[in-house]
Q: 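Here it is, the structure in full.
So you know, we letter chains A, B, ... as the sequences are listed, proteins then strands, and number each from 1. Since the structure is predicted, the reported quantities are computational estimates derived from the model, not experimental observations.
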Number of protein chains: 2
Amino acid sequence: MDPSKVVIPPMKDLTPDNITPNTIIINSQGPDKRMQYVLERLVTHLHDFTRETRLTTEEWMTGIQFLTQVGQICSDTRQEFILLSDTLGLSTLVENINHPKPEGATEGTVLGPFHTEDAHEFAHGDSICTDGKGEMCLVRCTLKDTSGKPIAGASVDIWETDETGHYDTQYKDRQYPDCRGILKTDENGDFWFKAVKPVPYPIPHDGPVGKMLAKLHRHPYRPSHMHFMIIAEGYDTLVTSLYIRGDPYETSDAVFGVKSSLVIDVKKVGDEAVAKKYDVKTDDWEINYDFVLVSAEEAVALKNKNAAEALKALGSTAQIFNGLPIADLD
Amino acid sequence: MDPSKVVIPPMKDLTPDNITPNTIIINSQGPDKRMQYVLERLVTHLHDFTRETRLTTEEWMTGIQFLTQVGQICSDTRQEFILLSDTLGLSTLVENINHPKPEGATEGTVLGPFHTEDAHEFAHGDSICTDGKGEMCLVRCTLKDTSGKPIAGASVDIWETDETGHYDTQYKDRQYPDCRGILKTDENGDFWFKAVKPVPYPIPHDGPVGKMLAKLHRHPYRPSHMHFMIIAEGYDTLVTSLYIRGDPYETSDAVFGVKSSLVIDVKKVGDEAVAKKYDVKTDDWEINYDFVLVSAEEAVALKNKNAAEALKALGSTAQIFNGLPIADLD
C-alpha cells in the first residue's frame, strides 16, 4: 500500500490505555460494517481479557503454543478447534443463538466435529450400521411442524459411534461411511431405521484439548447419544441429538449438549406386532421420538427478536441490519 | 474419570443465559486458582463476544477455519499465531503490561516472531551481518540504570532483516545465523557493532494473517527498525527496537510497535576521529542510542501497582497473589 494513502491517525506511542480504540480504528477502513462490528467486539474482549488477567508473557506464550498445537493436529478427519469450541461451551451457545426454538419445537444441540457429507441414503427399516456392530436398536420417529402437521420428504441425516464409541472417521482405514445414513420422511412424516444402541464415549483426548481438560480436572466423556440433522424446505434446519436416560455422563457432558427434552428411554420392543412389522425381535432395543420443526420464517423472527433484546440488555447501541448487529454507519 | 465422583451441578439444559456460569463452574475443579481466574475471564469474554455479535454459524465456522489455517502454516521458522497477536495489538499490550517502565527508562516494544536462540557472540566493532549485505551502519550505544550508572557485562541480543527486508530464518537455505548477534557491554556499559542500515519490510503476508489484513484494508508493513533484547542480572529484561525517523510507515506500523522515544536519526558518521577509531568511513551511516534499564525490583513493584490500579478501575474484586489476579479462594 502507498503510505501516502494512509488516512488513519498516527499509530504510535500505544499503551495499555489507548491500544484498543486505535486497533479498532485501523480495523475499520473496509466497507464491511458487519465485519467491523465483529472485529471491534473481538479486539475489545481480547484486550479486556488481557488487561483484567494482567496476562503474563509466559501465559501468552503458553496460549500461542496451545493454539498452534490445536491447529497442527487438525486434519481432514479431525477438527480440534471445534472440540475446543465444544468444550468451552461456545458451540452450544452459537447453536442456541442461531436456531432458537419456540415452545413445542424440538430443541437443538451441538453438531460436533463428526458429521460428514458422504452418508449414503437408506430405505425405511434399513440398518445404517454394518452387520455385527453393537446391540441393534430400532429407531421409530415422526416429523411434524409446530401445528402438528406431518412433514413429508424431509432429509434426516443420522450419525453415531459404533459400540466401541468411535465414529467411522476415527478409523485410519475407513473405506466407506458407517453408522451414518440419510432417510427421507414418508408421506406421514414418519421414518424408521436400525442402528447401534448408543454408548458413551470420550471425545478425542489425546491432543491439546484433552490435555486442557485433564489440567482442568474435567473428564472428556459424552453421554450415549445419536445425532440427527433434519432438513426440510421452508423449515429451519434442526441439528440435534437424542440422549439415553440414565447414562453415567447424562449430567456432565463434556460439550454441554444435553437437554432434558432430548433425553429418551431405550426400551425393549416388547410388542410382538411391532416386532413383526419392523422385522426385529421383541427383546431388541427400541427408541421413539417425535421431532417438531420450526418454520424458517418463525425461526428468523425469533432470532431477530432475541438479538434486539440481547443488545438492549447489554446496553449496546449497535444498529441491526439483516438481523445482525453492525458497526455504526458514518 | 469415575462418573460417581462428579460433584459439579448438573450440566444440562444449558441456554445462552446460563452457559457461561456453568462453564466456569466445570472449569474450576482444579487446584490452580490463577488458571481458574484466567479461564473464567476467557470464557466470559468469549461468550459475551458471541452474544453481543449474535455470531452466526457461518461466521463461527469461518473463525474455526481461520484459526486452523493459522495453526497449520506454523513451522519451526514461522509463528503465524504471534503474527496474529501482533496485528491485533495483543503483543504490544502484553509487553507493556509485563514490562512497565518508569520515567527515564527505555521503553519496550514487541518481540515479534523472528528472535532466535542461536545468535553467535561478537566482539565490539564486529559486523553482525555477513559481508556485502546492504548499507553498512555503525551502531554505538551505552547502557545505564535509571540513576545513570553504567551496566557492565550485560548481554545485548540484536536482530534485524537484511537489505531486502528478510530475516535469515525466512530463507529456506539458512545455514547459520545472520544479521543477528550477541554482544556484552564493556566496563563502561558501552557496546558498538556494525550492521545493515534497517529497511521497512512487510510481515509475512502470504498466509491467513496477510489475508486478514487485506480484508481489513490494512498494509502489512513495519517501519525500518533494529531489535534489541538486553539482559542484565538484577534488571528487568528489556525487549525493544530502534525505529528510523522519517520511515514511510513510521505512523502505521502493522504491529503497533513504534514509540516516539525509540525513533532515532540515522546520520552519517562525519567525524574523522570517530571514523578512524571505529574503522568506518565518514560517509558511512551511524546510529547512537543510550539504553536505560529498570531494576528488576522496581519493575515488579510498578507491575504490581499497575495491576492493583487496573483491577480497581475495572471494578474487579479478584484477589491478587504474587502480583496476579486469581480466583476467589473458597
Side-chain angles (χ1 to χ4, degrees), chain A residues 1 3 6 10-16 19 23 26-27 29-30 38 41-43 45-47 49-57 60 64 67-68 70-72 74 81-82 88-90 92-94 96-98 216-219 248-249 251-253 256 258-260 307 310 314 316 324-325, chain B residues 1 3 6 10-16 19 23 26-27 29-30 38 41-43 45-47 49-57 60 64 67-68 70-72 74 81-82 88-90 92-94 96-98 216-219 248-249 251-253 256 258-260 307 310 314 316 324-325:
Chain A
M1 176 185 271
V6 172
M11 292 287 145
K12 221 161 97 168
D13 294 314
L14 297 167
T15 68
I19 182 69
T23 308
I26 205 174
N27 283 343
Q29 303 172 87
V38 171
R41 298 318 303 152
L42 179 74
V43 165
H45 283 295
L46 182 66
H47 290 190
F49 161 73
T50 307
R51 278 184 289 255
E52 287 170 23
T53 57
R54 315 306 291 173
L55 196 69
T56 69
T57 308
W60 170 82
I64 295 281
L67 292 170
T68 305
V70 171
Q72 300 229 317
C74 289
F81 272 112
I82 293 187
L88 291 181
L90 179 62
T92 191
L93 179 57
V94 170
N96 279 305
I97 287 174
N98 282 278
L216 293 170
H217 290 219
R218 287 173 56 176
H219 72 68
Y249 304 102
T251 61
S252 65
D253 183 4
F256 311 100
V258 182
K259 297 191 173 168
S260 299
L314 287 162
S316 168
L324 295 174
Chain B
M1 175 184 273
V6 173
M11 292 287 143
K12 222 161 100 168
D13 295 315
L14 297 168
T15 69
I19 181 69
T23 308
I26 205 173
N27 283 343
Q29 303 172 88
V38 171
R41 297 319 304 152
L42 179 75
V43 165
H45 282 296
L46 182 68
H47 291 189
F49 161 73
T50 307
R51 279 184 290 255
E52 286 171 23
T53 57
R54 315 307 291 171
L55 196 70
T56 69
T57 307
W60 170 81
I64 295 281
L67 291 171
T68 305
V70 172
Q72 300 228 316
C74 289
F81 272 112
I82 292 187
L88 291 180
L90 179 61
T92 192
L93 179 56
V94 170
N96 278 304
I97 288 174
N98 283 278
L216 292 171
H217 291 221
R218 287 174 56 177
H219 72 68
Y249 304 102
T251 61
S252 66
D253 182 3
F256 310 101
V258 182
K259 298 192 173 168
S260 299
L314 287 160
S316 168
L324 295 174

Q: Looking only at heavy atoms, what is the nearest atom pair of R54(B) and P325(A), with distance?
A: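 Nearest pair, atom of R54(B) first, then P325(A): CG-CD, 3.8 Å.
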
Q: Could you check whether any side-chain N or O of H45(B) sits under 3.5 Å from a backbone N or O of H47(A), counting only pairs where one atom can act as donor and the other as acceptor?
A: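 Looks like no, no N/O pair under 3.5 Å.
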
Q: For a quick test of reading the model, state the closest non-hydrogen atom pair linking H217(B) to Q29(A) and the distance between them.
A: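 The answer is O-NE2, 3.3 Å.
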
Q: Looking at every non-hydrogen atom in both residues, tell me the closest pair between F81(B) and I64(A) and how far apart they are.
A: O-CD1, 3.6 Å

Q: Please classify the contact of I19(B) with chain A as side chain, backbone, both or neither, using a heavy-atom distance under 4.5 Å.
A: side chain

Q: Go through the atoms of L67(B) and report whether side chain, backbone, both or neither lie under 4.5 Å from a heavy atom of chain A.
A: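 Both backbone and side chain of L67(B) come within 4.5 Å of chain A.
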
Q: Hey, mind stepping through M11(B) and T251(A) against side chain to side chain contact (heavy atoms under 4.5 Å, CB included) and telling me if it holds?
A: CA-CA 5 Å; M11(B) 292 287 143; T251(A) 61; 5.9 Å; no

Q: Closest heavy-atom contact between K12(B) and S260(A)?
A: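 Shortest heavy-atom contact: CE-OG, 3.5 Å.
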
Q: Find the one option among L90(A), N96(A), L314(A), D253(A) whose heavy-atom pairs under 4.5 Å with chain B are most numerous.
A: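 Highest number of pairs under 4.5 Å: L90(A).
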
Q: Any idea which of T56(A), L46(A), L324(A), L42(A) has the most non-hydrogen atom pairs under 4.5 angstrom with chain B?
A: T56(A)

Q: What residues form a side chain to side chain donor-acceptor pair (under 3.5 Å) with R51(B), not counting sequence neighbours?
A: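 So R51(B) forms a side chain to side chain donor-acceptor pair (under 3.5 Å) with T20(B), D48(B).
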
Q: For I97(B), run the side-chain contact (heavy atoms from CB on, under 4.5 Å) check against T50(A), L55(A), T57(A) and tell me which one passes.
A: T50(A)

Q: How close do G89(B) and T23(A) get, heavy atom to heavy atom, and via which atoms?
A: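 Result for this residue pair: CA-OG1, 4.2 Å.
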
Q: Quick check on L14(B) against chain A: is it the side chain, the backbone, both or neither that has a heavy atom closer than 4.5 Å?
A: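 Contact with chain A involves both backbone and side-chain atoms of L14(B).
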
Q: Tell me which of these, V70(A), T15(A), T92(A), I26(A), has more heavy-atom pairs under 4.5 Å with chain B than the rest.
A: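 Most pairs with chain B among the choices: I26(A).
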
Q: What option among V94(A), V258(A), T53(A), I82(A) has the most heavy-atom pairs under 4.5 Å with chain B?
A: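 The candidate making the most pairs under 4.5 Å is T53(A).
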
